[in-house]
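Working notes for the structure below.
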Amino acid sequence: MDELLGQAIKLKQQLEERSEGGLMIDKIDKKALLNVKEMCEYLGIGQTKARELLADPKNSFTVRIGNRLYAHKGRLDTWLLNQIL
C-alpha cells in the first residue's frame, strides 16, 4: 500500500511539472468535477482518449450535465487505482 501511495505522489509531482508552475493542478485539486480538458491534464492523456473513457457506459466516474460530460474526480481516482491493481 505504501508503494502505491508513493507512485501516486510521484505521478502528481510529474503532472505538476508538466503544467504551468502547477497552477492547473492546484485548480484541479479543488474541483469535484473535471471537464475534458482538465481530465486530460490530470491524467496526461489526449482529448480523444478522455472522451472515449467518458463515453464508456461501464465506468462509474462519468457525470452527464445536459450535453456535456464530466469526470467525478473522486470516482476517477478510485477507478484509476483499480486499473493499476
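Bear in mind that the values here come from a model prediction, so they are computed numbers and not experimental data.
For the side chain to side chain contact (heavy atoms under 4.5 Å, CB included) with Leu54, the lone residue among Asn35, Thr62, Leu76 that qualifies is Thr62. Applying the side chain to side chain contact (heavy atoms under 4.5 Å, CB included) test between Lys73 and each of Leu34, Thr78, Leu33 identifies Leu34 as the sole match.
Remark: Leu80 engages Leu43 in a side-chain contact (heavy atoms from CB on, under 4.5 Å) (not counting sequence neighbours). Annotation: side-chain hydrogen bond (donor to acceptor under 3.5 Å, both in side chains) contacts of Gln47 (sequence neighbours excluded): none.
Within the 4.5 Å cutoff, no side-chain heavy atoms of Asp77 are placed close to those of Phe61.
For residues 59-68, the set of pairs meeting the salt bridge (Lys or Arg N to Asp or Glu O under 4.0 Å) definition, not counting sequence neighbours, is empty.
Taking both residues in full, the closest heavy atoms of Ala50 and Val36 are given as CB-CG1, 4.1 Å, listed atom of the first, atom of the second, then distance. Scanning all heavy atoms of the two residues, the minimum distance from Val63 to His72 falls at CG2-CB, 4.1 Å.
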Candidate pair Tyr70 and Lys31, rule side chain to side chain contact (heavy atoms under 4.5 Å, CB included), full reasoning: CA-CA 11 Å; Tyr70 296 90; Lys31 296 179 92 173; over 6 Å; no

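Between Glu52 atom CD and Asp56 atom CG the span is 8.0 Å, to the nearest 0.5 Å.
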